[in-house]
Asks: 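Shown below is the structure under consideration.
Proteins come first, then strands; the chains are lettered A, B, ... in the order of their sequence lines, and each starts at number 1. The model shown is predicted, which means the values in this text are computed figures rather than measured ones. Atom set for the values below is all heavy atoms of this structure, side chains included, hydrogens, waters and symmetry mates excluded.
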Amino acid sequence: MYKALEERVRKTLLHHIHERYKTDVPLVTERPPELSMGEIASPVCFELAKRLKKPPRALAQEIANSLKPIPGVARVEVAGGGYLNVFIDRAGFFRATCEEASKESTGAPVAAVPGAHKVIVEHTSINPNKAAHIGHLRNAVLGDTFARLLRYTGHRVEVQNYIDNTGVQVADVVLGFLHLEPQSLDEVRGLAAAPKFDYVCWDLYTRVTQWLAEDKSRLRMRADTLKQIEEGHGAAAQMAEIVATAIVDRHLKTVGRLGIGYDLLTRESDVLHLKFWDSAFEMLKQRGAIQLATSGKNQGCWVMQLPSNAENPAETAAPAPEEEPSELAEAKIIVRSNGTVTYVGKDIAYHLWKFGLLRKDFYYRRFGQSKDETGVWVTSSVPGAGSHPEFGHAREVYNVIDARQAYPQQVVAAGLRGLGYTEPADRLKHFSYNVVALTPRCARELGYEIPEEDAKKPYIEVSGRKGQGVKADDLIDRLEASAGKEVESRHPELAGTAEGRQMVDAISKGALRYFLLRYTRSTVIAFDFHDALSFEGETGPYVQYAVVRVQGIWRKGAERDPQFAGGDAIDPAEHGTVERFLAPGAGDDLWELIALAGSLDARVEAALTAQEPAFLTRYAFELAQAFNVFYHKHHILSEEDPWKRAFLLKLVWLARQQLVATLALLGITAPEKM
RNA sequence: GCGCCCGUAGCUCAGAUGGAUAGAGCGUGUGCCUCCGAAGCACAAGGCCGGGAGUUCGAAUCUCCCCGGGCGCGCCA
């Protein structure tokens, strides 16, 4: 509701200034620091004063006096040196917010706006050769939450998880099963069917890394293995298929514990076998987007020139004709002199497909052994039976990839641009985030040797190749154990019941998702079990608890009075009492909660524009905090004035609606009790 | 060397698009369960926003220069 009103105020002011002063100024609105200053403020008169050479305060006064009434606004005041402070019509805002909230879905996906363009969000994309760790979880949770935000605002969203099943990381594990700890195909199949196969591979991968380091000649074996896997034949390829498929299955189960799923798994092997690259290569050559270097250090390679000035690609797009590509420092190799394509080359082809610009498509089937029709879709190299949804053909693409990969992402965009697809290139967004590191204390706790000079650092990055890091399932297990203890101490009667398990599940999931989302994307998370396992303060369970308190009120109310109706109590709005309870002064604290509860739309908007899910965790916390303050101040069930009681109940209902909706966007549910 | 990110309370972090008195959580100290659940609430202590210059009516936020940290820049993926 707040967003709509803010926009209306902004438009009215702009129009008014345009009419009265015949000038257009950039107009921003903001939240005043205190409620006594209104709910919407604009410093526009400072800017206007500069242009008109008049004192800002006088201008503000003029505008405030001459402005026609704005629907939903009670009054406009002048404050400070020339601020325009807008005071919302409290009762009207309350009614409108309740109206909106009653239509709100509480978690179910919102139907896309008819005719909406498709947005692809790619996230997770873990190498399928070992167990997922906390860094992967940050990726998946960020991507999943952003997709929820897009869906909530009416976008058509397709979530993809890219599976690099033909890369060196898979090859390393296959190498381990072939040479380091030889196993037959059947034996590997057996291992892959066992529960903790991803942990087995985690350890094997570590040993292979060391084994390769011990004797560099073994790198040749790896190259051969990789080649076999890429070409898709031989024992190595079969083993890679078994390993990758089983690990992907493990990853899906792990992220599934946090409520994360996908529309499509795209496999690199299918990109290769369907020769997506060949098509892309032709396009790139035809458009001159890549050149064959005829001399210099890159001789024999196909290279792409990158604009040296990223901010102004147009200026550098056309190089001087006499310039030799081989001499350009900014050239990026796309095809090696031996004719094989690099990773970015494949990625360019894949992204052409994402935008529907490649004249090729995958085949599709359901993932998994079971023949059910519910499994996630996965790409295939061979025609499958039956129909499938249309995949790809996005207008906009978000790639959730950590900040270290900013450069390759730029190369992909440059590739699109080189083909003349400037608009798709602009709509290819790198949803960048920083890594999850460990605090030195945490690293020592896990038994890693930390040099003295590193012990003072705020965080240290550990090596996945060395098998260091916190495995996702281990962390979730610890959270569940910890939540289980809390639940048991509060509700011993629920031990072992389905309700108890659901409670533990909701709390641990809520704590973890909230923890990973509360940091802004550019922050390196210094992971520590103490913070991640906390259920107090700014955490998911704190917000969940606010919702649980509402259920408590309803439950208690129903126990005492069979007629009690909770959120559906008599509508106080219809009896003219809302104005009384929200009157400036006495009603300020209630109004504060309402103003915040009505700001969900504005916060969602901000989170989307800034691509910053952390804005929403912040909002959830603020709202829960405001509700808790309200809860302690007003005792609802013992309120004697029936109108006041009805009003407070409606307010409780509203706060709950907004909290539940916000949590749903964060992928968190609140249990009935906790 | 070039490019990107970061430096805010003892610790971990918010302060998007420049705005009014820089905020949370954790930790510390003190209160509050006969009262809708204390996974909570209230109060207190704690800050040259890394340093310096500049732009502006106004700078934690923008520009430049330092200092300190992290990450990229491969015929790896």
Asks: Is the distance from the ring center of Tyr433(A) to that of Tyr519(A) below 6.0 Å?
Replies: no
Asks: When you measure from the centre of the six-membered ring of Phe529(A), is the NZ or CZ of Arg441(A) closer than 6.0 Å and no more than 45° off the axis?
Replies: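 The answer is no; the distance or angle limit is not met.
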Asks: Using a cut-off of less than 4.0 Å, is there contact between a side-chain N or O of Asn338(A) and OP1 or OP2 of C75(B)?
Replies: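 For C75(B), neither OP1 nor OP2 has a side-chain N or O of Asn338(A) closer than 4.0 Å.
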Asks: State whether Lys457(A) places a side-chain N or O below 4.0 Å from either non-bridging phosphate oxygen (OP1 or OP2) of G70(B).
Replies: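 So the side-chain polar atoms of Lys457(A) do come within 4.0 Å of the phosphate oxygens OP1 or OP2 of G70(B), strictly under.
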Asks: Determine the Euclidean distance between corresponding P atoms of G27(B) and C41(B); express it in Å to zero decimal places.
Replies: 13 Å
Asks: Determine whether any donor atom in the side chain of Asn85(A) lies under 3.5 Å from an acceptor atom in the base of A20(B), or the reverse, and answer yes or no.
Replies: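 Such a pair exists between side chain and base.
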Asks: Is the distance from OP1 or OP2 of U12(B) to the nearest side-chain N or O of Thr523(A) less than 4.0 Å?
Replies: no
Asks: Using the rule given for salt bridge (Lys or Arg N to Asp or Glu O under 4.0 Å), can you reason through Glu39(A) versus Arg31(A), listing the C-alpha separation, both sets of side-chain angles and the distance that settles it, and then say yes or no?
Replies: CA-CA 6 Å; Glu39(A) 295 79 28; Arg31(A) 255 331 250 282; over 6 Å; no
Asks: Between Arg618(A) and Glu622(A), does the salt bridge (Lys or Arg N to Asp or Glu O under 4.0 Å) criterion hold? Intermediate values first, please.
Replies: CA-CA 6 Å; Arg618(A) 173 73 39 183; Glu622(A) 281 175 30; 5.1 Å; no
Asks: So does Ser522(A) reach the base of C5(B) with its side chain, donor to acceptor, closer than 3.5 Å?
Replies: no
Asks: Output the single nucleotide from C41(B), A20(B), G15(B) whose closest atom is nearest the side chain of Gln625(A).
Replies: C41(B)
Asks: Let me have a per-nucleotide readout for nucleotides 30-38 of chain B, 5' to 3', with B, S or -, counting only protein heavy atoms under 4.0 Å.
Replies: -----SBBS
Asks: Measuring only the P atom in each nucleotide, how far is C76(B) from G3(B)? A whole number of Å is fine.
Replies: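 My reading of the P atoms in C76(B) and G3(B) gives 26 Å.
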Asks: Please determine, for the side chain of Ser337(A), which listed nucleotide (A24(B), C75(B), U56(B)) has the closest atom?
Replies: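 Of the candidates, C75(B) comes closest.
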Asks: Within the structure shown, what part of the strands sits under 4.0 Å from Val524(A) by heavy-atom distance: base, sugar-phosphate, or nothing?
Replies: sugar-phosphate
Asks: Taking atom P in both G50(B) and A16(B), what distance in whole Å separates the two?
Replies: 15 Å
Asks: Distance check, P atoms only: U63(B) and C4(B), in whole angstrom units.
Replies: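 Straight-line distance between the two P atoms is 11 Å.
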Asks: To the nearest 0.5 Å, tell me how far Ile636(A) CD1 sits from Ile553(A) CD1.
Replies: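 The CD1 atom of Ile553(A) is 4.0 Å from CD1 of Ile636(A), to the nearest 0.5 Å.
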Asks: Could you walk me through whether Lys50(A) and Glu47(A) satisfy the salt bridge (Lys or Arg N to Asp or Glu O under 4.0 Å) test, starting with their C-alpha distance in whole Å, then the side-chain angles of each, then the deciding distance to 0.1 Å, before giving a yes or no?
Replies: CA-CA 5 Å; Lys50(A) 216 187 300 181; Glu47(A) 181 63 29; 3.7 Å; yes
Asks: Under 4.0 Å between any heavy atoms, over every strand shown, what does Val629(A) touch: base, sugar-phosphate, or nothing? Just pick one.
Replies: sugar-phosphate
Asks: Using a 4.0 Å heavy-atom cut-off, does Tyr519(A) contact any base of the nucleic acid, only the sugar-phosphate backbone, or nothing at all?
Replies: sugar-phosphate
Asks: Going by 5.5 Å between centroids and 30° between planes, is there a stack of Tyr83(A) over A20(B)?
Replies: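 Here the ring of Tyr83(A) and the base of A20(B) are stacked, with centres under 5.5 Å and planes under 30°.
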Asks: Looking at A16(B), A39(B), A20(B), which one has an atom nearest to any side-chain atom of Ala606(A)?
Replies: A16(B)
Asks: For the CD atom on Glu231(A), are there more than 12 heavy atoms of other groups (residues, nucleotides or ligands in this structure) within a distance under 6.0 Å?
Replies: yes
Asks: In the strands shown, is C2(B) matched to any nucleotide by a Watson-Crick or G-U wobble pair with both distances under 3.5 Å, and which?
Replies: G72(B)
Asks: Would you classify Glu536(A) as touching base, sugar-phosphate or nothing, given that sugar-phosphate means primed atoms plus P, OP1 and OP2, and contacts are heavy atoms under 4.0 Å?
Replies: sugar-phosphate
